[in-house]
Visitor: 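Take this structure first; my questions come after.
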Amino acid sequence: MSQSPQSAPLHRLLSQAADAVQGVREGRSLTDLLARVPADLRPGTQALAFAALRRLGSAEATRQQLAPKAPPPRVDGLLLVALALLWPDPDQPPAYTDHTLVDQAVHAAKQRAPASANFVNAVLRRFLRERDALVAAALRSPLGAFNHPAWWVEKLKQDWPAQWQALLAANNRAPPMTLRVHARRSSAADYVQRLASLGIAARALGGPAPQAVLLDKPVPVSALPGFAEGLVSVQDAAAQLAAPLVVGAGLRPGARVLDACAAPGGKTAHLLELQPDLQLTALDADAQRLARVQDNLQRLGQSATLKAADARQTATWWDGQPFDAILLDAPCSASGIVRRHPDVRWLRRPDDITALAQVQAELLDALWPLLAPGGRLVYATCSVFRAEGQAQLDAFLQRQPDAKSYAVPGFTGHLLPLADNAQPPAPPLDGFFYGLLTRS
Ligand SMILES: C[S@@+](CC[C@H](N)C(=O)[O-])C[C@H]1O[C@@H](n2cnc3c(N)ncnc32)[C@H](O)[C@@H]1O
């Protein structure tokens, strides 16, 4: 029988998390790294790696104070994870006592790099003895204070002079788990009651995302009633604004709709929940990711025409019939969903934003001629950077005289992941940008 995450010894999880964090520092994606972790250790490893990556800047600044010469990568990864987990957190009580963490980190060190065990022990114990002073010193550097690379902090300052600190803080909090209730099968309020009867606390979000349900605490999808039958899907509330913008007051029956960057299919499925009679083409450049669209549609009992192609190369996949509506959920920096992907900030480079903005512009230019006169195109990115949002849209409007932009309050423009008085305290929405264009 495989071990449950709860029963996995902490030193093994710390060791796996150390490899994952070190892998991210070397430029690999956390999703890929976690896929290689043995299945029984994966949930526990993910929890530790997420927590450590949200504090990686603080941990690095502290390790530099304690050991200015970086130890070998296997030891450094372990030290950084342990320091991040020992970091005082005003928002929540620590999952492990200081003593347990140090003890288990030293145990892990003995197994990964035996000669380093005394060094790891000495560094961590010194951190505990001098924690207040070391934390205060780390907080004096931007990396230690904000847990984002300096260029990212500068970019946010430029784009959001009044909100940049709140945005950085929100990125370092664990996000809520949000569901989308199938609009034709149930309501958010009814589903909240159904969850309550199973002892799962949740609330309906309301406002522009009437099908969104926010759980107080994440649960495995297998615990969600009706999940396997397609009654609910996991999707952030900000992502739930795309499909209503595309459908508007209702497209004509059988309208031709293109979901140009569809995988893994969250918005594709939502479109069909809102209007099942659409003739929907779901396109994605990544054939493997496109397979996940098929899985999602199957669970929900829906169908669409799936095509693996680069949306910019229209000659390779388009049949020449114009679309009544297009959703362009473009590839982007993912700067709006950092709390769900805590590795992203450490992996991106400043040049990536310029390159991504270029691809977004090419996608807009290539897809625009495919839209029928009077049709609507929704441009979306899960980014808070203006270059991928409003600035991108403004530049497109300059290039395309037959494009007109519409503001829909609460839906279009930059949606920032900022805390309101929400319970749980994490901001209820991811960061997103939506632009609604029509073709005259
Ligand atoms: C933000 S994700 C889409 C998320 C999806 N709409 C959903 O809601 O589940 C962007 C997607 O664009 C795809 N992509 C990137 N470049 C593309 C291109 N040139 N043509 C088509 N798809 C592309 C990526 O493979 C990725 O799956």
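In each ligand, atom 1 is the first atom listed, and ligand 1 is the first ligand listed. Atom set for the values below is all heavy atoms of this structure, side chains included, hydrogens, waters and symmetry mates excluded.
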Visitor: Kindly write out the residues that satisfy ring pair (Phe, Tyr, Trp, His ring centres under 6.0 Å) with F50, not counting sequence neighbours, or none if the list is empty.
Guide: none
Visitor: Can you list every pair that meets side chain to side chain donor-acceptor pair (under 3.5 Å) and has a residue in residues 285-311, with sequence neighbours left out?
Guide: S233-R299, D310-R312
Visitor: Identify whether the distance between the nearest side-chain nitrogen and carboxylate oxygen of D259 and K267 falls below 4.0 Å.
Guide: no
Visitor: Output every pair passing salt bridge (charged side-chain N to carboxylate O under 4.0 Å, His left out) with a member in residues 230-243, not counting sequence neighbours, ordered by first then second residue.
Guide: D236-R339, D236-R340
Visitor: Check this for me, if you would: do D19 and R36 make a salt bridge, where the nitrogen-to-carboxylate-oxygen distance has to be below 4.0 angstrom?
Guide: no
Visitor: I want to know whether Y379 and W368 have ring centres closer than 6.0 Å.
Guide: no
Visitor: Under a 4.0 Å heavy-atom cut-off, what residues line ligand 1?
Guide: A260, C261, A262, A263, P264, G265, G266, K267, D284, A285, D286, R289, A309, D310, A311, R312, D329, A330, P331, L363
